[in-house]
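These numbers come from a predicted model, not from an experiment.
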Amino acid sequence: MLLTALADLLTPEEERFDRLLVAAPPLAAVTWGVRGTIGIGLLAMAVRVLLGFDRGDSPLSGSFESETVLALVTAASAWASRIRTRREQDLRELTAVAEVVQRVVLRPLPHRLGRFELHLLYVAAAAKARIGGDFYEAARIPGAVRVMLGDVQGKGLGAVETASVLLGAFRASVHDAPDLAALADRLDEGLARHDPRDPGSDATERFATVLLVELPDDRDVARFLSLGHPTPLLQHGSEVRDVRFAAPSLPVNLTGLADSRHRIEEVPFGPGGRMLLYTDGVSETRDRGGAFYPLETRMREWSGEPAPEFLARLHRDLVAHGAGGLDDDVAALLVVRPPDAS
């Protein structure tokens, strides 16, 4: 409005810029509330009248018609502003509900369980989403810490529903399952027993890759059971190696296709060690040339980074490496055994 008034005053009378004032109320409606939009409209009308007086316009000239048009535009802008503010309020309420759902389904991990530190990177692929098909959980049980990281086939609400079922099964069984093999069986049973209320739900038809980890208190080892999940990386100092699974199990909801029993791998994991669990959203991120993300190389290069900075750097590097950003859910859990942990 100020620029319009200056342009109108500093140019010859035959060149009129006051017609541009009609744009002020719609622009105000984009960010202002109803009262603010009406105030801007009234101010624009006042400026229009003052500019008309400066040119000697009479109330019965074209100035009156312009004021009428400006008044109608202000009324329409105020209505649009009211609709926008109502939708914004609905969105805020839905966002608050979504945050509660996230805290229930994917609860924040404790920073420390027993003698181990837990650091998480979680990014959902869907724009504005806070939860996706990747899932995680950790629990302190008598004599050990158990950790789960998984990835449901596909995306969308069906993947989220499957993830929530598996999380519920893990939480219900983690404390009394005698070992990781029994815990894996209960994940399968939990998904098989799930009764979706939505007839269109395909949650029970999806499979999920899962990595189960047990960290006992009385030994410097880590026990792993892979249900078709990417192999974790172990770091001690600058040395990084992956955990080799001689006989990984099939993913959850596919284990009935094979008769073999679950095989648990046990590897050393002492003070000063780090363990990176991740989903394929990390390892299968490709650059424009189709090359996979060099996760093991990056972990070796950043071996001296503190855990929070390591994950923050990993996130930035993944976004930079991806040809079109991150097109899949990303979950990475860094388990740290501090040197002084007892």
Undergrad: Please confirm whether the backbone N or O of Ala29 pairs with a side-chain atom of Arg84, one donor and one acceptor, at under 3.5 Å?
TA: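 Flag set: sc Arg84 to bb Ala29 pair under 3.5 Å.
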
Undergrad: When rounded to the nearest 0.5 angstrom, what is the spacing between CD1 in Ile141 and CG in Leu113?
TA: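 Between atom CD1 of Ile141 and atom CG of Leu113 there are 11.0 Å.
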
Undergrad: In terms of relative ring orientation, are Tyr293 and His321 parallel, tilted or perpendicular, with 30° and 60° separating the classes?
TA: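 Ring orientation of Tyr293 relative to His321: perpendicular.
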
Undergrad: Could you state the interatomic distance from OG1 (Thr31) to CD (Glu88), rounded to the nearest 0.5 Å?
TA: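 Nearest 0.5 Å value for the OG1-CD distance: 9.5 Å.
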
Undergrad: Walk me through it: do Leu42 and Thr74 pass the test side-chain contact (heavy atoms from CB on, under 4.5 Å)?
TA: CA-CA 8 Å; Leu42 293 175; Thr74 298; 5.7 Å; no

Undergrad: Taking side chain as C-beta onward, heavy atoms only, is Val330 less than 4.5 Å from Leu121?
TA: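 Of all side-chain heavy-atom pairs linking Leu121 with Val330, at least one is under 4.5 Å.
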
Undergrad: Go through the steps to decide whether Glu309 and Arg313 satisfy the test side-chain contact (heavy atoms from CB on, under 4.5 Å), and finish with yes or no.
TA: CA-CA 6 Å; Glu309 284 74 10; Arg313 192 169 182 178; 6.0 Å; no

Undergrad: Mind listing the closest non-hydrogen atom pair of Ala184 and Leu225 along with its distance?
TA: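 Closest approach of Ala184 to Leu225: CB-CD2, 3.6 Å.
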
Undergrad: Are Arg263 and Glu265 close enough for a salt bridge, meaning some N to O gap below 4.0 Å?
TA: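 Result for this pair is yes, salt bridge flagged.
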
Undergrad: Report the distance from atom CG of Leu118 to atom CE of Met275, rounding to the nearest 0.5 Å.
TA: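 Rounded to the nearest 0.5 Å, the CG-CE separation comes out at 10.0 Å.
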
Undergrad: Can you find a heavy atom in the side chain of Val69 that is under 4.5 Å from one in the side chain of Val73?
TA: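 A side-chain contact exists here, since the closest heavy-atom pair is under 4.5 Å.
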
Undergrad: Quick check: do Met1 and Leu43 have side-chain heavy atoms less than 4.5 Å from each other?
TA: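 Met1 reaches Leu43 side chain to side chain.
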
Undergrad: Is there a donor in the side chain of Gln235 and an acceptor in the side chain of Glu239, or the other way round, less than 3.5 Å apart?
TA: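 There is no such pair (donor and acceptor under 3.5 Å, judged by atom type) between the side chains of Gln235 and Glu239.
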
Undergrad: Between Val49 and Met45, is there a side-chain heavy-atom distance shorter than 4.5 Å?
TA: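 Not touching, per the 4.5 Å side-chain cut-off.
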
Undergrad: Taking all heavy atoms of Gly41 and all of Pro25, pick out the closest pair and write down the distance.
TA: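 So the two residues come closest at CA-CG, 3.8 Å.
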
Undergrad: Would the distance check show the side chain of Asp280 and the main-chain N or O of Glu284 forming a donor-acceptor pair, the cut-off being under 3.5 Å?
TA: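 Not at all, since once roles are kept as given, no pair shorter than 3.5 Å links the two residues.
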
Undergrad: Looking at residues at least two apart in the chain, or sitting in another chain, which of them share a ring pair (Phe, Tyr, Trp, His ring centres under 6.0 Å) with His315?
TA: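 Once residues adjacent in sequence are excluded, His315 has no partner under the ring pair (Phe, Tyr, Trp, His ring centres under 6.0 Å) criterion.
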
Undergrad: Say whether, by atom type as modelled, one donor and one acceptor occur between the side chain of Ser173 and the main chain of Phe170 under 3.5 angstrom.
TA: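 Not at all, since once roles are kept as given, no pair shorter than 3.5 Å links the two residues.
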
Undergrad: Return the minimal non-hydrogen interatomic distance between Gly237 and Ser303, and the atom names on each side.
TA: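 Smallest heavy-atom distance, with atoms named: O-CB, 3.4 Å.
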
Undergrad: Is there side-chain contact between Glu305 and Leu311, with at least one heavy-atom pair below 4.5 Å?
TA: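 SC-SC contact between Glu305 and Leu311 ruled out.
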
Undergrad: Is a salt bridge present between Glu296 and Arg300, judged by a nitrogen-to-oxygen distance below 4.0 Å?
TA: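 Between Arg300 and Glu296 there is a salt bridge, with a charged N closer than 4.0 Å to a carboxylate O.
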
Undergrad: Of all the heavy-atom pairs spanning Phe135 and Leu106, show the shortest one and how long it is.
TA: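 Heavy atoms of Phe135 and Leu106 come nearest at CA-CD2, 3.8 Å.
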
Undergrad: Using a strict cut-off of less than 4.0 Å between a Lys/Arg side-chain nitrogen and an Asp/Glu carboxylate oxygen, indicate whether Arg298 and Glu301 qualify as a salt bridge.
TA: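 The answer is yes: the pair qualifies as a salt bridge.
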
Undergrad: Is there a donor-acceptor contact under 3.5 Å from the side chain of Arg288 to the main chain of Gly290?
TA: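 Not at all, since once roles are kept as given, no pair shorter than 3.5 Å links the two residues.
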
Undergrad: Looking just at side-chain N and O atoms, do Arg86 and Gln89 make a donor-acceptor pair shorter than 3.5 Å?
TA: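 Side-chain D/A pair, Arg86 to Gln89: absent.
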
Undergrad: Which heavy atom in Val22 sits nearest to a heavy atom in Leu70, and how many Å separate them?
TA: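 Closest heavy-atom pair between Val22 and Leu70: CA-CD1, 3.5 Å.
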
Undergrad: How far apart are the closest heavy atoms of Pro232 and Phe224, and which atoms are they?
TA: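 Of all heavy-atom pairs spanning Pro232 and Phe224, the closest is CG-CE2, 3.6 Å.
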
Undergrad: Given 3.5 Å as the limit, does a donor-acceptor pair link the side chain of Ser81 with the main chain of Ala28, or not?
TA: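 No.
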
Undergrad: Determine, for Asp242 against Arg244, whether the closest basic-nitrogen to carboxylate-oxygen distance falls under 4.0 angstrom.
TA: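 Looking at Arg244 together with Asp242, the answer is yes, because their closest N to O distance falls below 4.0 Å.
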
Undergrad: Trp302 and Val319: same hydrophobic cluster, using ILVMFWY side-chain contacts below 4.5 Å?
TA: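 The answer is yes; both residues are in one hydrophobic cluster.
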
Undergrad: Working to the nearest 0.5 Å, report the span between CG of Leu276 and CG of Leu234.
TA: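 Those atoms lie 9.5 Å apart.
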
Undergrad: Measure the CZ-CG distance between Arg171 and Leu166 for me, rounded to the nearest 0.5 Å.
TA: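 One finds 11.0 Å between CZ of Arg171 and CG of Leu166.
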
Undergrad: Any donor-acceptor pair under 3.5 Å linking the side-chain atoms of Ser249 with those of His262?
TA: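 There is such a pair (donor and acceptor under 3.5 Å, judged by atom type) between the side chains of His262 and Ser249.
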
Undergrad: Does the side chain of Val47 come within less than 4.5 Å of Thr4's, by heavy atoms?
TA: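 Heavy-atom side-chain distance check fails, nothing below 4.5 Å.
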
Undergrad: Are Arg337 and Asp220 close enough for a salt bridge, meaning some N to O gap below 4.0 Å?
TA: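 A salt bridge links Arg337 with Asp220.
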
Undergrad: Under 3.5 Å, side chain of Asp179 to main-chain N/O of Ala182, donor-acceptor pair present?
TA: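 Confirmed, Asp179 side chain pairs with Ala182 backbone.
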
Undergrad: Taking Tyr278's backbone N and O only, do any of them form a donor-acceptor pair with His229's side chain (distance below 3.5 Å, no angle check)?
TA: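 Yes, the answer is positive, given that a donor and an acceptor are paired below the 3.5 Å cut-off.
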
Undergrad: Would you call Arg219 and Glu266 a side-chain contact if the rule is heavy atoms closer than 4.5 Å?
TA: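 Yes, side chains in contact.
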
Undergrad: I need the Leu187 CG to Leu212 CG distance, nearest 0.5 Å.
TA: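 Going from CG on Leu187 over to CG on Leu212, the span is 6.0 Å.
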
Undergrad: Is the shortest heavy-atom distance from the side chain of Phe116 to the side chain of Val336 under 4.5 Å?
TA: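 No, side chains not in contact.
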
Undergrad: Which is it for Leu211 and Val213 under the side-chain contact (heavy atoms from CB on, under 4.5 Å) test, yes or no, and what are the steps along the way?
TA: CA-CA 7 Å; Leu211 183 65; Val213 185; 4.3 Å; yes

Undergrad: Mind jotting down which residue pairs meet the side-chain hydrogen bond (donor to acceptor under 3.5 Å, both in side chains) criterion with at least one end in residues 141-154? Sequence neighbours excluded, please.
TA: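 For residues 141-154: Arg146-Glu214.
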
Undergrad: Is the closest basic N to carboxylate O distance between Arg140 and Asp217 below 4.0 Å?
TA: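 The answer is yes: the pair qualifies as a salt bridge.
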
Undergrad: Start with the C-alpha distance between Leu91 and Arg87, add both sets of side-chain angles, then the distance that settles side-chain contact (heavy atoms from CB on, under 4.5 Å), and finish with yes or no.
TA: CA-CA 6 Å; Leu91 181 59; Arg87 290 180 177 175; over 6 Å; no

